[in-house]
Visitor: 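Quick one: structure below, then a few questions.
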Amino acid sequence: MLGIFERLAAHFGPLHWWPSDSPFEVAVGAILTQNTNWKNVEKAIANLKQAVALCPSGIKALAREELEELIRPSGFFRQKAERLQLFVDYLFTNHQGSLERLLAGPLDDVRQKLLALKGIGPETADSILLYGGHQPSFVVDAYTRRLLSRLEILHGKESYEQIRALFMDQLPHEPEMFNEFHALIVEECKTFCRKKPLCPSCPLVDMCPFATQSG
DNA sequence: GCCCAGGTGGGTA
DNA sequence: TACCCACATGGG
């Protein structure tokens, strides 16, 4: 795993992922990006900023229908509006409306609290922990599965937790590294996995059984 | 028009 | 546990 990281880091350089003004903005983005192109999420985030609603109290002040309209570009907007409101309700009920207070707790404890919320699964929880809370919780997404499958490290039936453990067991628990590694995996997949199946210039070409075969 | 995108939860066997 | 499906918009 460390070898993969080093090659990707050398090829792509620092990616400075998930720029945001607050942990709460990260959490909103993590929920809105579920099975959705990030470009669409950016439009919804911009709408929320325009409406001065990109904070717990701002979301709380909106009617369900108003929130739905603001986040409509991100798709699944009815479902996501409910999830955002439930998330904010939870913050006010249990953490004085502050995501920072929630994220200040022990990693495993915070993770369980997030996973207990409707609409927050493992990837969303880990994204909030890592990118919002700077806690060393590795994020596994579709790109991670795609890359590890291409390298024949995965064979299709591994669970989310198994794949996460693969990284967590082998790497130092440093948030900056987990952050960068996940971003590098996404960049690698966007650049090489789909567009160039034979990836002659892919930094992982000699580790990739598929790429070194003729067809 | 078709396929896909930084998932998740509910229903069914 | 293991599938199957709904959820919705926007870009290539």
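A note on names: the letters A, B, ... follow the listed sequences, proteins ahead of strands, and every chain is numbered from 1. Here the structure is a predicted model, which is why all the values come from computation and not from measurement. Computation of the quantities below employed the complete heavy-atom set of this structure, encompassing side-chain atoms and omitting hydrogens, waters and symmetry-equivalent molecules.
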Visitor: Please give, in whole Å, the distance from B/dC4 C1' to A/K190 NZ?
Guide: 12 Å
Visitor: Answer yes if the ring centres of A/F178 and A/F167 are under 6.0 angstrom apart, and no otherwise.
Guide: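 No, they do not, as the ring centres are separated by 6.0 Å or more.
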Visitor: Using a strict cut-off of less than 4.0 Å between a Lys/Arg side-chain nitrogen and an Asp/Glu carboxylate oxygen, indicate whether A/D141 and A/R145 qualify as a salt bridge.
Guide: no
Visitor: If a protein heavy atom is under 4.0 Å from the base, mark B; if only from the sugar-phosphate, S; if neither, -; do that for nucleotides 6-12 of chain C going 5' to 3'.
Guide: -BBBSS-
Visitor: Does the A/H173 side chain pair with the main chain of A/M168, one donor and one acceptor, at a distance under 3.5 Å?
Guide: yes
Visitor: With side chain to side chain contact (heavy atoms under 4.5 Å, CB included) as the criterion, how do A/V110 and A/L129 come out once you've worked through the C-alpha distance, each side chain's angles and the decisive distance to 0.1 Å?
Guide: CA-CA 8 Å; A/V110 178; A/L129 279 161; 3.7 Å; yes
Visitor: Roughly, in whole Å, what's the span from CD in A/E82 to C1' in B/dG10?
Guide: 12 Å
Visitor: How would you label the contact of A/L115 with the nucleic acid (heavy atoms, under 4.0 Å): base, sugar-phosphate, or nothing?
Guide: nothing
Visitor: Assign the ring pair A/F138 / A/F181 to parallel, tilted or perpendicular, where the plane angle (0 to 90°) is split at 30° and 60°.
Guide: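 Rings of A/F138 and A/F181: perpendicular, as their planes differ by over 60°.
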Visitor: State the pairing partner of B/dG10; accept Watson-Crick or G-U wobble contacts with both distances under 3.5 Å, and report none otherwise.
Guide: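 Here B/dG10 is engaged in a pair, and the nucleotide opposite it is C/dC4.
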Visitor: I need the CD-P distance between A/E123 and B/dG9, as an integer number of Å.
Guide: 12 Å
Visitor: Sort out the partner of C/dT9 for me: Watson-Crick or G-U wobble, both distances under 3.5 Å, none otherwise.
Guide: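 Partner of C/dT9: B/dA5.
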Visitor: If you look at every strand shown and take non-hydrogen atoms under 4.0 Å, does A/I31 touch a base, only sugar-phosphate, or nothing?
Guide: nothing
Visitor: In whole angstrom, give me the gap between the P atoms of C/dA8 and B/dG10.
Guide: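 It comes out at 14 Å once rounded to the nearest Å.
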Visitor: Mapping A/D141 and A/I120 to their closest nucleotides on DNA chain B, which lands nearer the 5' end?
Guide: A/D141
Visitor: Sequence neighbours excluded and cut-off under 3.5 Å, please list the side-chain donor-acceptor pairs for residues 60-73 of chain A, or say none.
Guide:
residue: A/R64; atom: NE; partner: A/Q85; partner atom: OE1; Å: 2.6
residue: A/R64; atom: NH2; partner: A/Q85; partner atom: OE1; Å: 3.3
residue: A/E66; atom: OE1; partner: A/A63; partner atom: N; Å: 2.7
residue: A/E69; atom: OE1; partner: A/R72; partner atom: NE; Å: 3.3
residue: A/E69; atom: OE2; partner: A/R72; partner atom: NH2; Å: 3.1

